[in-house]
**Student:** 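Please find one structure pasted underneath; my questions will follow.
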Protein chains: 2
Amino acid sequence: MIKIRDLEYLDAIDTHRHFGRAAEACFVSQPTLSGQIMKLEEHLGLTLVERQTRKVMLTPAGEELVAEARKVLRAANNFEASAKALLDPFSGDLHIGLIPTLAPYLLPHIMKDLNDKLPNIKFYLHEDKTKNLLKSLDDGKLDLIILPWLEEMDKFDRYDLFEEPLVLATSKDHQLSLKEVVSLGELKDYEVLTLEDGHCLRDQALGFCFTAGAKEDHRFQATSLETLRYMVSSNMGITLLPQLATVNHHITNTINYIPFEDPKPNRQISLMLRSGYSRMQCIRAVVSSVKNSMKEVI
Amino acid sequence: MIKIRDLEYLDAIDTHRHFGRAAEACFVSQPTLSGQIMKLEEHLGLTLVERQTRKVMLTPAGEELVAEARKVLRAANNFEASAKALLDPFSGDLHIGLIPTLAPYLLPHIMKDLNDKLPNIKFYLHEDKTKNLLKSLDDGKLDLIILPWLEEMDKFDRYDLFEEPLVLATSKDHQLSLKEVVSLGELKDYEVLTLEDGHCLRDQALGFCFTAGAKEDHRFQATSLETLRYMVSSNMGITLLPQLATVNHHITNTINYIPFEDPKPNRQISLMLRSGYSRMQCIRAVVSSVKNSMKEVI
DNA sequence: TCTTGATCATAGCTAAACTCTATCAATAAT
DNA sequence: ATTATTGATAGAGTTTAGCTATGATCAAGA
């Protein structure tokens, strides 16, 4: 039977493409790792690693098997994590994924209480786009993700945290900037600045805009919310921003944030995890802490 | 780091609830298994096994961990199976799940060609109800399942094999028995014999009957298709049978099988597997063999 | 109550496997 | 041609899984 250690060696070889560094990463000597990899290859009857003098890489068979190997390693990590969680349900590591249009504005509100309520949990934060987060959650790199919920995520378990309204952002000089509130319908015939492709906020904002009869401003696409905000403050156009991104920011005096009338455009921020995830006690504590932190904010 | 062997021991302890027999199943001596389990418990800092003098069982922590352990073992098996498949894609074991209303009537048509085309594959056949098959497929006990496709299975990959019409089965003495073909509408106001709960054929047949205005005969529920057939032959009622179950059977002279006019009631027989399953070459060969075998039959 | 049998734990030993250090061989870079 | 890099090889040491033999415990039955 295969040994888990060998799979770690294979993983490391693929990661580092270098026997010496792979060995170092596994805290063993290079001959040890070389030997075990060779033994593994012999056991399987396959060549997994292509050794050129200055270049190491996996064969196609190796590529395929390292993917399987990582599944085993992940399952083994889950085993040990579950064991730890049984010793103390409120300890261990928690890898949290968040999208870029949420993370920097949400985290300041929730991390303090999380650290207070779960002092023995070590939180690792990963920022990425929705698609990648879902993939990472699915194959076990992440324990949970926090993002705007969409229909297609129904294969995962869902815990709603809060609803975040979108607000209209205009420069102080814009003709809409004097209004106290605005309705979606008033955006008709305006052009709206957007984020670049791949941000789910882009798709959601565009959805609301199209319904309202507004169009996308095709001249620019912003790479981040902060760029987008800067473009608005420079009077290059208007846009929809999530409300959390409008709290306590640093260019208040050149931008107006105008709330929408009902029905407000908003996004449902939810915590998603794999169904069958084992550390539910911990998750419940996270959900309750985040909800608690956010009810004062939004 | 955990060793796979230890997880096998834990699995065996849970399966056999007896150190001696578990050890035997793992082909090691009882002290070896005892020792390794103790070492595992010490490593994790948890008691996994409750040892009473005449009874061995897992603690709640053990129960939880053995579930995780089995995931690791399954991943490890997949690793080795993938490696084997790389050596020869058309060799190894293939665990196939089928439902009871299909297996005995389908297998005689497809197994010969499968064995001819894939002589180095060892086929294991598992007969169970749809719900259990899906569970087993999901957690890796089965490589593929063959069953009537239903909407809710869309999380798995699907390969359609053939459509199987349902036919009306009546005794020779029944008033419908003289017809060459029959329409669903003609079943209106008849009562139809059914299989017991849990068979998907029951739900499908009832669906067609209700649409047609027919009712369920509540006096009996058959435990198998053969019982059902026997009840029909004894003139206790009529029923819908899948067409494959009417080919070459042994009570022909007391039952009439009457095909339906279009639109025929039928079931879509499909092969389902986990998305991302690694042995696709082999699967494609299976699909092609089965389709080939069945195009002459149905 | 005593005996018996079943069952898991312990002790001590063996053999295999993993790992280490030291060194070699091959080759790319200068 | 020389040097540096890098993976493979050799040989020794240490760890550990595994075995057999035996002990300890306790339920069942006489």
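Every chain is numbered from 1, with letters handed out A, B, ... down the list of sequences.
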**Student:** Please answer whether the main-chain N or O of A/Val56 pairs with a side-chain N or O of A/Arg51 as donor and acceptor at a distance below 3.5 Å.
**Tutor:** no

**Student:** Rounding to a whole Å, what distance do you find between A/Met57:CE and D/dT6:P?
**Tutor:** 17 Å

**Student:** Donor-acceptor check, side chain of B/Asp143 to backbone of B/His95, threshold 3.5 angstrom: yes or no?
**Tutor:** yes

**Student:** Between A/Tyr9 and C/dC18, does any side-chain N or O lie under 4.0 Å from OP1 or OP2?
**Tutor:** no

**Student:** Assess the side chains of B/Gln30 and B/Ser34: does a donor N or O sit below 3.5 Å from an acceptor N or O?
**Tutor:** yes

**Student:** Is there a side-chain contact between A/Arg5 and the phosphate of C/dC18, meaning an N or O under 4.0 Å from OP1 or OP2?
**Tutor:** no

**Student:** In whole Å, I'd like the distance from the NE2 atom of A/His18 to the P atom of C/dA28.
**Tutor:** 15 Å

**Student:** If only atom types and distance count, is the side chain of A/Thr59 paired as donor or acceptor with the main-chain N or O of A/Thr47 below 3.5 Å?
**Tutor:** yes

**Student:** Using a cut-off of strictly less than 4.0 Å between a heavy atom of the residue and any atom of DNA chain C, enumerate the qualifying residues of residues 22-31 of chain A by number.
**Tutor:** A/Phe27, A/Val28, A/Ser29, A/Pro31

**Student:** Do B/Asp11 side-chain atoms and B/Leu7 backbone N/O form a donor-acceptor pair below 3.5 Å?
**Tutor:** no

**Student:** Quick one: is B/Arg51 getting a side-chain N or O under 4.0 Å of the C/dT7 phosphate, OP1 or OP2?
**Tutor:** no

**Student:** Side chain of A/Arg17, backbone of A/Asp14: donor and acceptor closer than 3.5 Å?
**Tutor:** yes

**Student:** Roughly how many Å is it from NE2 in B/His43 to P in D/dT15, rounded to a whole number?
**Tutor:** 18 Å

**Student:** Quick one: is B/Thr32 getting a side-chain N or O under 4.0 Å of the D/dA17 phosphate, OP1 or OP2?
**Tutor:** no

**Student:** In whole angstrom, give the distance that lies between atom CE of A/Met38 and atom C1' of D/dG7.
**Tutor:** 9 Å

**Student:** Please tell me if B/Ser34 has a side-chain N or O lying less than 4.0 Å from either OP1 or OP2 of C/dA9.
**Tutor:** yes

**Student:** What is the distance, rounded to the nearest whole Å, between atom CG of B/Asp6 and atom P of D/dT16?
**Tutor:** 12 Å

**Student:** Of the listed nucleotides (C/dC18, D/dG7, C/dC8), which one gets closest to any side-chain atom of A/Phe19?
**Tutor:** D/dG7

**Student:** For the pair made of CE in A/Met1 and P in D/dG18, what is the distance, rounded to whole Å?
**Tutor:** 12 Å

**Student:** Think B/Lys3 has a side-chain N or O under 4.0 angstrom from the OP1 or OP2 of D/dT16?
**Tutor:** no

**Student:** Expressed as a whole number of angstroms, how long is the span from B/Leu58:CG to C/dC8:P?
**Tutor:** 13 Å

**Student:** Using only atom types and a distance under 3.5 Å, with no angle test, would you say the side chain of A/Ser82 pairs donor to acceptor with the backbone of A/Asn78?
**Tutor:** yes

**Student:** In whole angstrom, what separates A/Ile4's CD1 from C/dC18's P?
**Tutor:** 14 Å

